[in-house]
S.K.: 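Take a look at this one; I'll ask things after.
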Amino acid sequence: MKTIFAKSVPGRSAWRLNSDAPKAADMLPAGLLRQDPPRLPECSELDVVRHFTGLSRLNYSVDANFYPLGSCTMKYNPKFTEYVAALPGFSRLHPMLPQLTRGVAWAQGALRCLYEAEQWLCELTGMKAFTFQPMAGANGEFAGVKLMAAYHAAKGRKRTKMLIPDAAHGTNPASAALAGFDAVNIESRDGMVDPEALARAIAEHGENVAGLMMTCPNTLGLMEVHLPRIVEELRRIDALLYYDGANMNAIMGKMRVGDVGFDVVHLNVHKTLGTPHGGGGPGAGPVGVGERLLPFLPAPRVIKNGDSYRLNYNLPQAIGYIGPFYGSFAVVIRALAYMMRLGGEGLSRASEYAVLNANYLKKKLEDVLDIPYAHRLCAHEFVASAPDGLHALDIAKGLLDRGIHAPTIYFPLIVKECLMAEPTETESRETLDEYVQALTEIVAQGKADPQGLAAAPVSLPVRRMDETAAARQMVLTEDMA
Amino acid sequence: MPYIPHTSEELQEMLSVVGVRSLDELFADIPAAMRPQSFDLPGGRGEAEVCAYFEDLAAQNRPDMVSFLGAGYYAHQIPQAVNALSGRSEFYTAYTPYQAECSQGTLQAIFEFQTAVSRLLDMDCANASVYDGGTALFEAAMMAVRATRRRVLVVDECINPIWRIMLGTYTSGLDLELRLVPQASGVSDMAALKAAIGDDCAAVLVQNPNFFGAVADYSELFARAREHKAFGLISVYPVMQAVLKTPGEMGADVAVAEAQSLGQPLSFGGPYLGIMACRKAHIRQLPGRIVGRTSDLEGRTGYVLTLQAREQHIRRAKATSNICSNQALCALRALVHMSLLGPSGLARVAESGMALARYAVERLTAIKGVELLNDAPYGNEVALRLPVPAEQIIDRMASKGCVPGYPVGRYFAGMENVLLLACTEQNDRRQIDFLAETLGGLL
Amino acid sequence: MSGNPDNLLYSNSHEWARIEGDVATVGITHFAQEALCDITYVELPQVGDSVAQHSEFGSIESVKAASDLLSPVDGEVIEVNSALENTPELCNSAPYADGWLIRVKLSGQPEGLMDAAAYEEFCATQSH
């Protein structure tokens with residue numbers, strides 16, 4: 001499709017402000033003004049609407065396709081939460097109003113949303129308090145790691161090592177590094193954190209260990225069986241335990257991370273709590289803490305006094321600001337609406353059916369793909385390997401040809417040719433059966449006609465792209481061509 | 001059961017395929033000792049009931065005040081087509097476009113966004129977005145730190161104080177020095193900024209218009225940075241950028257912005273949109289997702305995520321940033337917004353706010369004791385010195401249904417009497433007359 | 001088949017060094033370029049930087065991977081292969097010739113490197 005810039009016609013416009021304002025040149029000295037207007041598109045409203053409607057049709061999405069992308073929890077996003085977030089009482093509210101002494105009164109509904117969302121998340125996870133400032137999962141990880149640093153600093157010590165299992169998401173070591181920690185890799189054994197490797201790391205780095213970042217169930221979709229021992233090992237050296245909430249959809253109502261010894265957790269509300277992914281964002285990454293990290297939460301915190309709500313900026317031990325205000329507010333209220341709609345029982349049920357769907361799919365695929373740890377029950381997702389001689393990438397592309405989004409294939413790094421599928425609770429058995437059928441056909445095709453499968457996809461707007469040329473030539477804008 | 005399609009027959013059949021008797025048996029790996037100590041959440045409610053609950057909460061907010069509050073976040077008009085197009089679920093229920101063949105819509109939109117941002121800021125290239133203006137400023141600073149391998153950042157105190165505090169939080173574990181150059185009555189102290197730049201500096205960070213609304217030309221400052229092989233970093237207000245001298249024209253290395261003003265509702269603080277653009281020489285340092293144009297094996301033009309080897313999923317601890325999810329849908333909104341307004345539409349929005357700000361200055365400075373904080377040129381926002389604390393005036397005007405601006409003293413000690421007043425195309429002369437009359441009556 | 005030249009020394013991180021007097025030319029091996037696939041970018045140090053054996057002096061990227069470059073020798077960088085800036089694929093097509101990375105003025109003779117035969121044996125124990 002032509003770009004919107006290629007459709008631009010000088011002098012055309014979609015939207016014009018009725019204003020008698022003078023030109024900028026009459027209000028500011030010429031030396032402060034730009035020489036030429038920015039070359040933005042000049043289009044009619046219909047041009048713009050057709051263009052972006054056309055683009056939208058080139059996408060796969062949850063609303064149109066099964067999207068079992070592992071680790072991303074692509075569940076159905078209920079429509080009513082879009083309505084709630086768009087209510088003008090929320091969408092037009094300036095975030096600085098409650099910073100004004102009397103302004104607090106003008107934002108009571110919004111502050112109450114934040115307060116209630118915090119109550120829900122605390123009970124859901126067993127943590128003491130939450131901040132909504134982090135604007136996505138990785139941003140939440142960074143906030144969590146900074147909280148861990150603040151804990152040690154308050155005890156008058158600087159610890160520099162962050163232990164991270166090798167199955168962890170790449171954001172974990174990146175977030176630790178961004179906060180100034182050295183990431184120490186902990187190897188897996190039998191799909192679990194190897195307790196011996198953990199003990200060795202603790203022996204080597206001793207009281208220089210700030211904490212451990214864990215994903216549980218882990219990225220192989222397995223519950224960590226050594227968890228009590230891991231908690232004990234870290235407590236012994238007064239190190240902290242971080243829970244990466246990416247896989248929270250597996251445990252709602254079944255385990256609370258606060259109860260089992262985690263000190264800090266981030267949640268990906270765009271995964272677990274039904275808010276849309278937006279083609280890559282925006283998300284929200286609220287961070288919850290237990291007693292030990294409570295004093296360090298970023299300012300402000302929402303306080304309830306009787307029936308009214310206000311902000312507390314007076315938090316002397318706070319780590320500072322992770323975000324400008326109260327995080328992705330419009331995302332958080334969608335999540336609150338989702339939680340209220342489901343209730344505690346519904347949230348627990350979501351995890352039950354997410355795990356059921358994943359186990360059903362795993363069982364049905366046992367004869368089609370290679371499934372490590374097939375003897376174990378999986379959580380909300382599972383990892384399979386392409387059968388001998390086949391590539392995960394080709395299988396993924398074969399699925400695209402059948403109208404199904406591919407599972408995750410670039411992760412986890414510790415399984416070769418991996419296909420990590422997460423069906424979520426919102427998919428029906430027919431959809432899962434169709435997925436099994438599609439994979440069965442694709443594997444058969446791959447064995448009979450590997451060249452044919454390597455040519456997939458053939459039914460989409462484009463076929464496989466030359467990614468090497470993209471990286472070497474770097475055409476990143478219309479003007480770099 | 002909301003959003004779960006399984007019938008009870010299907011449930012039983014699926015359990016038997018898996019080989020367990022009950023749903024709870026699927027959680028056998030979680031021993032009794034690790035089960036929740038409490039799970040005391042309310043029961044589910046119907047959709048209409050939940051909607052009504054939020055309608056009621058929304059009604060307890062008062063976004064309808066006559067407001068001159070800005071301070072980096074502005075109430076601009078948003079064409080309904082922005083909502084309609086970003087509300088297409090083919091966009092908003094997709095994930096990050098890892099599988100290029102089924103994500104060309106998102107990918108091409110990001111490519112167009114990168115183009116629009118680069119043209120607006122007059123830079124070579126841009127990324128697909130970061131979370132907000134504050135994180136964009138931090139990421140830009142880190143680009144300079146990595147590229148120069150230096151550890152000093154010269155920071156103009158005239159940048160938004162919220163972003164300055166964020167910068168402090170984000171860099172606090174990294175052994176960097178933030179060399180803060182104090183503002184001088186709401187304008188950048190150019191001489192002190194120049195003097196602060198040395199051969200140890202990674203970058204100088206400024207904002208235009210600055211937090212106090214003042215507009216300046218940072219060309220000479222950036223030239224000075226260049227002499228010392230340091231980066232010139234600038235944060236801008238995208239709407240004003242339609243008319244103001246560009247980061248490119250000033251010789252900046254990296255330009256960033258809080259792009260809330262491009263089609264994002266205020267929404268009580270987010271989600272917003274951080275944009276980042278840079279010169280081609282620095283592209284390898286640019287964090288986050290970047291889309292490139294290439295061709296498929298039949299030679300058709302298409303788009304892919306590119307330069308991914310810099311990113312956390314490959315580089316892990318050595319990545320340029322930890323960012324994964326970004327603000328893709330907000331970027332789409334910004335692109336649609338810019339496409340609808342076009343260059344002249346965006347300039348009219350800027351000029352409308354500027355003209356109203358000039359009218360407000362004329363009316364308010366006619367009141368005894370009210371004067372401009374400085375004589376610097378300004379855009380649509382301006383700092384006024386009042387004869388009494390600004391908080392006091394804001395409090396007293398609350399009952400009149402008016403927010404006259406932001407009390408600068410909240411972040412700048414000694415500036416308690418300074419009011420920061422912003423105008424956009426959503427304000428009008430009548431509101432300013434009302435503001436002037438009310439304020440005149442109070443002073 | 002890999003044709004690792006006999007006159008070079010090899011490291012277990014898959015770099016090679018050609019020692020000529022007190023100058024070493026450094027590159028990546030055939031094994032390394034094959035493992036990385038299509039190389040898209042090579043980040044090199046600046047002339048005048050010092051490098052230390054087994055320490056990072058740059059990085060190399062392909063579409064789906066990135067790895068650090070570890071120096072097989074100690075010394076000071078006296079020349080970098082600027083052709084790689086625009087044609088990083090030289091590391092794929094000619095890893096032992098036009099795809100060289102840097103030249104280093106040695107501060108001492110390197111120890112612990114392998115000859116071609118030993119390196120080939122080492123590679124046989126590694127899988128891609």
Side-chain angles (χ1 to χ4, degrees), chain A residues 14-15 17 19 21 24 37-38 41-42 52 55-56 58-63 84 87 89 91-93 95 102 106 108-110 135-136 138 170 173-175 177 180 183 223 256 276 278-283 320 325 328-330 343-344 346 352 355 359 428 460 462-463 470 475-478, chain B residues 5 18 23 26 29 36 41 43-44 54 57-58 60-63 85 88-90 92-94 96 101-102 104-106 115 120 125 131 166 169 173 243 265 267-271 292-294 296 302 304 306 312-313 316-317 319 322 324-326 328-329 339-340 342-343 348 351-352 355 398:
Chain A
W15 193 90
L17 190 66
S19 164
E42 296 179 78
F52 288 101
L55 284 185
S56 76
L58 306 180
N59 273 0
Y60 278 11
S61 63
V62 173
D63 278 9
V84 164
L87 288 167
S91 68
R92 293 187 187 164
L93 200 61
R102 296 274 292 274
W106 304 327
Q108 283 298 299
M135 294 164 274
S175 300
M223 269 311 291
R256 301 197 313 168
F325 302 107
S328 304
F329 178 78
E352 287 170 352
V355 173
N359 276 289
S428 66
L460 285 156
V462 291
R463 294 182 58 191
V475 179
L476 311 179
T477 72
E478 196 89 316
Chain B
V18 175
L23 283 167
L26 292 166
D29 281 343
L41 290 168
F54 282 94
L57 287 183
Q60 292 173 33
N61 300 321
R62 291 289 308 279
L85 292 168
R88 287 192 67 94
S89 67
E90 297 93 330
Y92 81 75
T93 71
T96 303
E101 300 90 337
C102 68
Q104 286 297 301
T106 295
T115 302
L120 184 64
C125 45
Y131 311 125
M166 285 175 69
T169 305
V243 298
S267 282
F268 202 54
R293 178 188 272 165
T294 183
D296 75 356
V304 293
T306 191
Q312 47 76 26
H313 60 284
R316 297 177 78 85
N322 68 336
C324 183
S325 283
N326 58 16
L329 196 70
S339 301
L340 289 164
R348 286 314 278 162
E351 286 160 348
S352 168

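Order of the sequence lines fixes the chain letters, A, B, ..., with proteins taken first and strands second; residue numbering starts at 1 for each chain.
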S.K.: Determine the minimum heavy-atom distance between Ala398(B) and Arg102(A), stating which atoms define it.
M.R.: CB-CB, 3.8 Å
S.K.: Please confirm whether the backbone N or O of Gly342(B) pairs with a side-chain atom of Glu42(A), one donor and one acceptor, at under 3.5 Å?
M.R.: no
S.K.: Using every non-hydrogen atom in the two residues, find where Tyr92(B) and Pro276(A) come nearest and quote the distance to one decimal.
M.R.: O-CB, 3.2 Å
S.K.: If you take all heavy atoms of Glu351(B) and Ala24(A), which pair is closest and at what distance?
M.R.: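 Residues Glu351(B) and Ala24(A), closest heavy atoms: OE2-N, 2.9 Å.
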S.K.: Could you tell me the separation between the OG atom of Ser175(A) and the CD atom of Gln312(B), rounded to the nearest 0.5 Å?
M.R.: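 Nearest 0.5 Å value for the OG-CD distance: 8.0 Å.
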S.K.: To the nearest 0.5 Å, what is the distance between CD (Glu101(B)) and OH (Tyr60(A))?
M.R.: 10.0 Å
S.K.: Counting only heavy atoms closer than 4.5 Å, note whether Thr169(B) contacts chain A via side chain, backbone, both or neither.
M.R.: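 For Thr169(B), heavy atoms of backbone and side chain both lie under 4.5 Å from chain A.
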S.K.: Top residue by heavy-atom pair count (under 4.5 Å) with chain B, among Gly346(A), Ser61(A), Gly344(A), Gly320(A)?
M.R.: Ser61(A)
S.K.: Looking only at heavy atoms and a cut-off of under 4.5 Å, which of Pro38(A), Gly89(A), Ala21(A), Gly280(A) has the most pairs with chain B?
M.R.: Gly280(A)
S.K.: Return the minimal non-hydrogen interatomic distance between Val304(B) and Ala470(A), and the atom names on each side.
M.R.: CG2-CB, 3.5 Å
S.K.: When rounded to the nearest 0.5 angstrom, what distance separates CG in Leu93(A) from OG in Ser267(B)?
M.R.: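 If we round to the nearest 0.5 Å, Leu93(A):CG and Ser267(B):OG are 9.0 Å apart.
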S.K.: Sequence neighbours left out, what passes side chain to side chain donor-acceptor pair (under 3.5 Å) with Arg92(A)? Give chain and number order.
M.R.: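 Partners of Arg92(A) by the side chain to side chain donor-acceptor pair (under 3.5 Å) criterion come out as none, since no residue qualifies.
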S.K.: Determine the option with the most heavy-atom pairs under 4.5 angstrom with chain A, choosing from Pro343(B), Ser352(B), Gly173(B), Gly44(B).
M.R.: Pro343(B)
S.K.: Quick one: CG on Asp63(A) to OG on Ser89(B), what's the gap to the nearest 0.5 Å?
M.R.: 3.5 Å
S.K.: Out of curiosity, Glu90(B) CD to Leu58(A) CG, how far, rounded to the nearest 0.5 Å?
M.R.: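 Those atoms lie 10.0 Å apart.
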S.K.: Which heavy atom of Asp29(B) sits nearest to which heavy atom of Met223(A), and what is that distance?
M.R.: CB-CB, 3.6 Å
S.K.: Tell me if a side-chain donor or acceptor on Asn322(B) pairs with a main-chain N or O of Ala174(A) at a distance below 3.5 Å.
M.R.: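 No; zero donor-acceptor contacts below 3.5 Å.
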S.K.: Of all the heavy-atom pairs spanning Gly278(A) and Ala328(B), show the shortest one and how long it is.
M.R.: O-CB, 3.5 Å
S.K.: For the candidates Gly269(B), Pro265(B), Ala355(B), which exhibits the highest count of non-hydrogen atom pairs separated by less than 4.5 Å from chain A?
M.R.: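 The answer is Gly269(B).
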S.K.: Taking every heavy-atom pair that is under 4.5 Å apart, which of Thr115(B), Leu329(B), Thr306(B) has the most such pairs with chain A?
M.R.: Thr115(B)
S.K.: Verify, without hydrogens or angle tests, whether Arg293(B) (side chain) and Glu478(A) (backbone) share a donor-acceptor contact under 3.5 angstrom.
M.R.: no
S.K.: So which part of Leu26(B) gets closer than 4.5 Å to some heavy atom of chain A, the side chain, the backbone, both or neither?
M.R.: both
S.K.: I'd like to check the ring pair (Phe, Tyr, Trp, His ring centres under 6.0 Å) partners of Phe329(A); sequence neighbours left out, ordered by chain and number.
M.R.: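 Phe329(A): ring pair (Phe, Tyr, Trp, His ring centres under 6.0 Å) contacts with Phe90(A), Phe268(B).
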S.K.: Count the heavy-atom pairs under 4.5 Å between each of Ala138(A), Pro37(A), Gly180(A) and chain B, then report the option with the highest count.
M.R.: Ala138(A)
S.K.: Between chain A and each of Thr106(B), Thr294(B), Thr96(B), Thr93(B), count heavy-atom pairs under 4.5 Å; write down the option with the most.
M.R.: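 The candidate making the most pairs under 4.5 Å is Thr93(B).
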S.K.: Can you tell which part of Leu476(A) gets under 4.5 Å to a heavy atom of chain B, answering side chain, backbone, both or neither?
M.R.: both
S.K.: I'd like to verify something: which residue of Gly281(A), Ala14(A), Gly343(A), Ala183(A) has the highest number of heavy-atom pairs under 4.5 Å with chain B?
M.R.: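 Counting heavy-atom pairs under 4.5 Å, the top option is Gly281(A).
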S.K.: Please state whether the side chain, the backbone, both or neither of Val243(B) comes within less than 4.5 Å of a heavy atom of chain A.
M.R.: both
